[in-house]
2 protein chains.
Amino acid sequence: MDNAGRVRAPRRKLGIRTIHDVAALAGVSSITVSRYFNAPEKVSPVVRDRLRQIILETGYVPSQMAGRLASAESRVVGAVMQNTGSSTFADLVKGMGDGFEGSGLQLLLANTEYLQDREERAVRAFMGWHPSALILTRDDHTPESEALLRAARCPIVETWGVVPGRPFHQVGFPHADVGKELARHFLAQGARRIRFALRQAPQDFRAQQRAQGYAQAMVAAGLTPDVQASSCDDELDAGAQMLERLSREPPDQRPQAVIFASDNMAVGAILAAPGRGIRFPQDFAIAGFGDAPIAARLHPALTTVRPRPYDIGLKAAQVVLSLKAGRDPEAPPATHLVPCELIVRESSRLA
Amino acid sequence: MDNAGRVRAPRRKLGIRTIHDVAALAGVSSITVSRYFNAPEKVSPVVRDRLRQIILETGYVPSQMAGRLASAESRVVGAVMQNTGSSTFADLVKGMGDGFEGSGLQLLLANTEYLQDREERAVRAFMGWHPSALILTRDDHTPESEALLRAARCPIVETWGVVPGRPFHQVGFPHADVGKELARHFLAQGARRIRFALRQAPQDFRAQQRAQGYAQAMVAAGLTPDVQASSCDDELDAGAQMLERLSREPPDQRPQAVIFASDNMAVGAILAAPGRGIRFPQDFAIAGFGDAPIAARLHPALTTVRPRPYDIGLKAAQVVLSLKAGRDPEAPPATHLVPCELIVRESSRLA
DNA sequence: TTGTAGGCGTTATCAG
DNA sequence: CTGATAACGCCTACAA
């Protein structure tokens, strides 16, 4: 009976209204309030109305921390982007956001600037939330990341690019195919001197995958790949630089067509062309990648390949939701293709 | 002693290694493991080494849910964006992400597509996480949102735009000032017929704030504001549409200068100009807003105002961190200006 | 339909 | 520097 006379200081609380407060006000037990939120159909209409009223008045909001801890289901999804600022990843995030809207899943975001070790830190940080799923945007990880991911108890989805042989779900398209398709577009028009122009940016491994696809198509056609890299960091500058280099090559040895690693590079070239006395596609044809909004409005309109980052993000979210809903969240990894589309415009028309 | 012979089914657990497992392996109590993570200096070097080893081997990661619940400090920051897909918000997110990198704060993201009720849902959802802070990107909320925010126990930061009289922290710049500055730029050159061109997009209230600033400057100069709206949804199309409309007005009644609500609109106009026989700035001068990467490379190079969304996001994160670190997290709301810069280029040079 | 008992994995408090 | 104890706010299991 004797509490030893010593009174322990109350520990710090959130200082908020709890489920018990609401229960007391309604004259029911707290589990009934819990059910009101998680299984309203199990609460009688009368009690339900009373609770609705009280919850409205008190502004009670259930604690996610407590709820997720007790239910052993976090309902958070970690998303690791490479460059949140770029339109590709921004659209991916938007698609994921829309996909999760109303599902009760919360999106945790991390950005890595294409750095593997930042990705590893992000993955590690996310693991602590015991996420319902993890969405990544690359397929080459540090060994530690890879180990963490394989040991994870949640679905892992790799998005944007798709490569064979991965142990995780994938949503996107094979970047190498883009390079192949563009090369073939020019090969089919009879071109034999076709160049691939990118930036010296080792972190942009997707551009390199596209370059590899281009090279394969060239070799398959019995031709020598011609991949050139610009030292400029800025894509528009890189395009302008590549154009300047081209303008100095003898016209009869110049490539008949140039595939730029991105629309931005191609745009840089198009905007710099008048100053160099170059005309597209008369002097040589060009194409890009990304289908930037201005691609269609430029003169000449830019031939490009249109990826669908928004749809990829949306699909990734849907894959997560269906794995969560399905009876088998540990379903074997599947690959979901969200193909690109070749958009042929004036800039790639060879004489 | 008799357990009544009935065995309760074990409740669902996360099925993970816990702090107790690690403690048992190390032969210490679990609180020591907790200290290893939260206050390593309070753990003896010997024990620390042993724990490091064991944590490495087991791959143990502390549960954020449990930790945050127990410590009554969520260490999550909710960010509500209007349009994640646009470069402005993408840069804001990037800045915030970099600002929180390494701080231990997790970013929760929501997107609203400029819809107030989606914002309200997002705020409500975030409240359940008892966030360490909430970052918003507008200052006009539904009454319910506003009430939720005022009742929130965490710092609220409104970003991007800045308006007087709000009860929350603000980081950004007054959009009306941008409109004023551009109007004055043309007024100073002697222009009297100056138009502001925007889209009929009521959700884009920032563009309307810029238009209002423009209108004020016009009135202050004794002139009549001329605000015209395009019905096009797409900004580039809207710019082209406005240009077409302008090209049909009699040259002597045409505006001498047009302020477009965004660079994209201005770009649409510039790209469509050759087709309409219009030349900038000879026929009339133009300016935009946003400093899109191509603005400087177009012909003519586009005069624009450069906002710094990345810096605003970064600053917002820093404000949150300093409030968290400071002894007074309930400091009175402050306004942090991250001013824009007027970038004068060829397109705005009046004869 | 409602309630009781107990635990989810961690950290705050107080005592060595 | 280390540990025992008792929460944090909610939900699962079971019983009525």
Side-chain angles (χ1 to χ4, degrees), chain A residues 3-24 26-51 55 58 60-75 127-130, chain B residues 3-24 26-51 55 58 60-75 127-130:
Chain A
N3 263 345
R6 240 188 285 77
V7 177
R8 226 182 156 85
R11 70 183 293 174
R12 179 169 31 137
K13 312 187 193 192
L14 277 172
I16 52 166
R17 240 177 280 283
T18 72
I19 202 170
H20 304 294
D21 301 334
V22 175
V28 297
S29 84
S30 49
I31 187 64
T32 302
V33 181
S34 172
R35 289 198 184 104
Y36 172 84
F37 285 103
N38 301 312
E41 72 282 1
K42 289 186 179 169
V43 177
S44 69
V46 186
V47 175
R48 207 151 47 190
D49 280 352
R50 190 139 34 98
L51 284 174
I55 287 159
T58 56
Y60 168 73
V61 179
S63 158
Q64 296 296 323
M65 296 297 175
R68 302 302 124 235
L69 174 63
S71 71
E73 207 210 337
S74 71
R75 291 194 206 154
M127 297 312 269
W129 293 97
H130 302 297
Chain B
N3 263 342
R6 241 187 284 81
V7 178
R8 226 184 154 85
R11 69 181 296 176
R12 182 173 20 143
K13 310 187 195 193
L14 278 172
I16 52 164
R17 242 177 280 282
T18 72
I19 203 171
H20 304 294
D21 301 334
V22 175
V28 296
S29 85
S30 47
I31 189 66
T32 301
V33 182
S34 172
R35 290 202 183 100
Y36 171 84
F37 285 103
N38 301 313
E41 73 282 1
K42 290 187 179 170
V43 177
S44 71
V46 187
V47 175
R48 209 151 44 186
D49 280 352
R50 191 141 33 100
L51 283 174
I55 287 159
T58 56
Y60 168 73
V61 179
S63 160
Q64 295 295 326
M65 295 297 174
R68 300 307 122 232
L69 174 62
S71 71
E73 208 211 334
S74 70
R75 291 196 204 153
M127 296 312 270
W129 292 98
H130 302 295

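The sequence lines fix the lettering, A, B, ..., with proteins before strands; numbering per chain opens at 1. The figures here come from the full heavy-atom set of this structure, side chains too, leaving out hydrogens, waters and symmetry mates.
- Across the protein-nucleic acid pair, A/Glu73 atom CD and D/dT12 atom P stand 9 Å apart, rounded to whole Å.
- Overall bending of the helix from C/dT1-D/dA16 to C/dG16-D/dC1, expressed as the angle between end axes built from five pairs apiece, is 20° (10° steps).
- Annotation: salt bridge (charged side-chain N to carboxylate O under 4.0 Å, His left out) contacts of A/Arg75 (sequence neighbours excluded): A/Glu73.
- Closest approach to the A/Ala70 side chain among C/dT4, C/dC8, D/dA4 is made by C/dC8 (side chain taken as heavy atoms from C-beta onward).
- Applying the salt bridge (charged side-chain N to carboxylate O under 4.0 Å, His left out) test to every pair with at least one member in residues 40-49 of chain B, sequence neighbours left out, gives these pairs: B/Asp49-B/Arg52.
- At least one donor-acceptor pair closer than 3.5 Å links the side chain of A/Ser74 to the backbone N or O of A/His130.
- Counting any heavy atom pair closer than 4.0 Å across all strands shown, A/Gln64 reaches no nucleic acid atom.
- For A/Ala26, the side-chain contact (heavy atoms from CB on, under 4.5 Å) test picks out A/Val28, A/Arg50, A/Leu51, A/Ile54, with sequence neighbours left out.
- Checking the phosphate oxygens (OP1, OP2) of D/dC11, no side-chain nitrogen or oxygen of A/Ser71 falls inside 4.0 Å.
- Taking side-chain N and O atoms only, B/Thr18 has no distance below 4.0 Å to OP1 or OP2 of C/dC8.
- A donor-acceptor contact shorter than 3.5 Å links the side chain of A/Arg17 to the backbone of A/Thr58.
- Listed by chain and number, the residues in a salt bridge (charged side-chain N to carboxylate O under 4.0 Å, His left out) with B/Asp21 amount to none (sequence neighbours excluded).
- Take A/Thr32 and apply the side chain to side chain donor-acceptor pair (under 3.5 Å) test, not counting sequence neighbours, and it matches no residue.
- When rounded to the nearest whole Å, the span between CZ of B/Arg68 and P of C/dA12 equals 9 Å.
- Listed in residue order, the members of residues 30-37 of chain A having a heavy atom less than 4.0 Å from DNA chain D are A/Ile31, A/Ser34.
- Position along DNA chain D of the nearest nucleotide to B/Ala66 versus B/Val28 favours B/Val28 as the more 5'-ward residue.
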